[in-house]
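What follows is a set of notes on a single structure, which appears directly below.
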Amino acid sequence: MHFGLSADSWLADILGTPAWRVAADAGALRSLDAQAGPWFAYAKLPPARVDLLAEFGAAGFRLVDTNVVFARPRQSGPAAGPFRWARPEDESAVAELARLEFACSRFHLDSHFTSAQAAHIKAEWARNFFRGERGQAMAVAEVNGVVAGFNLLLVQQRTLTIDLIAVGEKFRRRGLARGLIAWAESQLPAIDAVQAGTQLANAGSIALYESLGFRWAQAHHVFHRHRV
C-alpha cells in the first residue's frame, strides 16, 4: 500500500501503463515519486486549497479540467417518450455513442492523449455497465429502432447520479437528454436527490442542467501528470 495512492487498474489496462489516483495531500506526491516510470497519475483537488494547487503544479502536474457538480431534489411527473432500460444487445450502440459524442472530458482536454485514446476510454467506460462493473441502471432512448442516446446511472444512499449521458448528433434538439433524465427519475422513485457532474468547459451541459433546475453544488480541479 502506497501512502495517498490508489491504483486505477481499469485505466491502466486501457492505457497499457500504471495509472494512479493521487490523494489531495502533499505527502502523496512523495509516494508517487518513488514509483518507477512510466506511469500516468491524476488528482482531484478542491479549489480552496491554493497551497495544494501550487504544490501539485510544482511537482509536474498540469490542470486539465475543472469538474463542476450540480444537484437538485428529485422531481416527479410524467416522462413519456421513446425511453426504456438498456438491454445487453445495446452494448455496441451505446459504446459507439460514447466513443463519438464526447469532446470535453478530461482525457479529451489533455493533449498527451490522442483523440482516439480519449474516445476509447469513454467507450470502455460505457461498456462497463454491460460488464456489471459500473452503474446500477442505464436508460436509453430508442428512435425508429436506433439507440439515439443513453444515460448511465449510479444510485447510492437515495441519490441518483448521472454518471455518463450522451445523445447522438443527428438526434439532438429533440429533448432526448431531458427526457432521459426525467424518465429515469420517474422509474426510480426510491431516491430523494439527483446530481450530475460536467466540465466547466462544457457550456452546453451546464445550460441543460441549469434549465432543469439543477444548481451548483461543488467543484474540483483535475490535474494530470505523465511520466514517460
Side-chain angles (χ1 to χ4, degrees), residues 3-6 8 10-11 19-29 32 40-59 61-76 98 101-110 118 121-122 125-126 128-129 134-139 150-166 177-178 180-182 184-185 188 190-225:
F3 175 80
L5 300 184
S6 300
D8 190 328
W10 174 77
L11 191 54
W20 299 96
R21 177 166 180 166
V22 186
D25 187 298
L29 294 175
L32 179 64
F40 166 68
Y42 63 94
K44 299 182 179 182
L45 306 178
R49 291 295 306 276
V50 177
D51 57 328
L52 280 180
L53 303 182
E55 288 195 56
F56 274 73
F61 281 80
R62 294 294 177 264
L63 176 67
V64 295
D65 171 32
T66 298
N67 185 266
V68 288
V69 176
F70 293 87
R72 65 160 166 76
R74 175 181 178 268
Q75 296 180 352
S76 59
E101 303 303 337
F102 293 95
C104 294
S105 79
R106 63 189 177 98
F107 303 104
H108 290 84
L109 297 175
D110 184 342
I121 290 169
K122 302 306 282 189
W125 188 331
N128 278 344
F129 171 76
R134 188 172 184 90
Q136 284 70 49
M138 178 185 285
F150 72 90
N151 185 5
L152 174 58
L153 303 159
L154 311 179
V155 184
Q156 296 175 315
Q157 299 180 341
R158 300 187 66 85
T159 295
L160 179 66
T161 299
I162 300 166
D163 188 53
L164 198 66
I165 185 169
R178 294 170 177 269
L180 282 164
I181 295 170
E185 285 183 277
L188 298 169
I191 58 170
D192 299 322
V194 185
Q195 65 178 20
T198 191
Q199 298 76 35
L200 189 61
N202 195 338
S205 288
I206 291 173
L208 169 65
Y209 292 131
E210 290 183 335
S211 73
L212 292 173
F214 287 81
R215 295 295 178 262
W216 181 91
Q218 58 179 297
H220 56 258
H221 294 311
V222 181
F223 281 71
H224 286 182
R225 181 181 171 188

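Quantities reported herein were computed from a predicted structural model and do not represent experimental measurements. Index from 1, following the sequence.
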Heavy-atom pair of closest approach, residues [X] and [Y]:
X	Y	result
Gly135	Leu152	CA-CD1, 4.1 Å
Thr198	Ser205	OG1-CB, 3.3 Å
Cys104	Ala201	SG-O, 4.2 Å
Ala126	Met138	O-CE, 4.1 Å
Ala177	Ile165	O-CD1, 4.0 Å
Leu52	Ala24	CD1-O, 3.4 Å

Flag side-chain contact, heavy atom, 4.5 Å: [X] against [Y]:
X	Y	result
Asp163	Trp125	yes
Val22	Phe223	no
Leu164	Phe129	no
Phe56	Leu63	no
Leu29	Phe61	yes
Leu154	Arg134	yes
Lys44	Asn67	no
Trp10	Ile121	yes

Check for a donor-acceptor pair, side chain of Arg106 on one end and backbone N or O of Val222 on the other, with a separation under 3.5 Å.
-> no

Is His108 reaching over with its side chain to a backbone N or O of Phe102, donor-acceptor style, under 3.5 angstrom?
-> yes

side-chain contact (heavy atoms from CB on, under 4.5 Å) between Gln136 and Leu188: does it pass, once the steps are laid out?
-> CA-CA 11 Å; Gln136 284 70 49; Leu188 298 169; over 6 Å; no

How far does [atom1] of [X] sit from [atom2] of [Y], to the nearest 0.5 angstrom?
X	Y	atom1	atom2	value
Glu185	Gln75	CD	CD	6.0 Å
Arg21	Asp8	CZ	CG	9.0 Å
His220	Leu45	NE2	CG	9.0 Å

Applying side-chain contact (heavy atoms from CB on, under 4.5 Å), run through Gln195 and Phe70 and close with a yes or a no.
-> CA-CA 6 Å; Gln195 65 178 20; Phe70 293 87; over 6 Å; no

Salt bridge (Lys or Arg N to Asp or Glu O under 4.0 Å) between Arg158 and Asp192, intermediate numbers included = CA-CA 6 Å; Arg158 300 187 66 85; Asp192 299 322; 2.7 Å; yes

Report the C-alpha separation of Arg74 and Leu160 in whole Å, then their side-chain angles, then the decisive distance to 0.1 Å, and conclude whether the side-chain contact (heavy atoms from CB on, under 4.5 Å) test is met.
-> CA-CA 9 Å; Arg74 175 181 178 268; Leu160 179 66; over 6 Å; no

Should the pair Phe40 and Phe107 be assigned to parallel (<30°), tilted (30 to 60°) or perpendicular (>60°) ring geometry?
-> tilted

Pick from Leu212, Ile206, Leu208: which one makes a side-chain contact (heavy atoms from CB on, under 4.5 Å) with Glu210?
-> Ile206

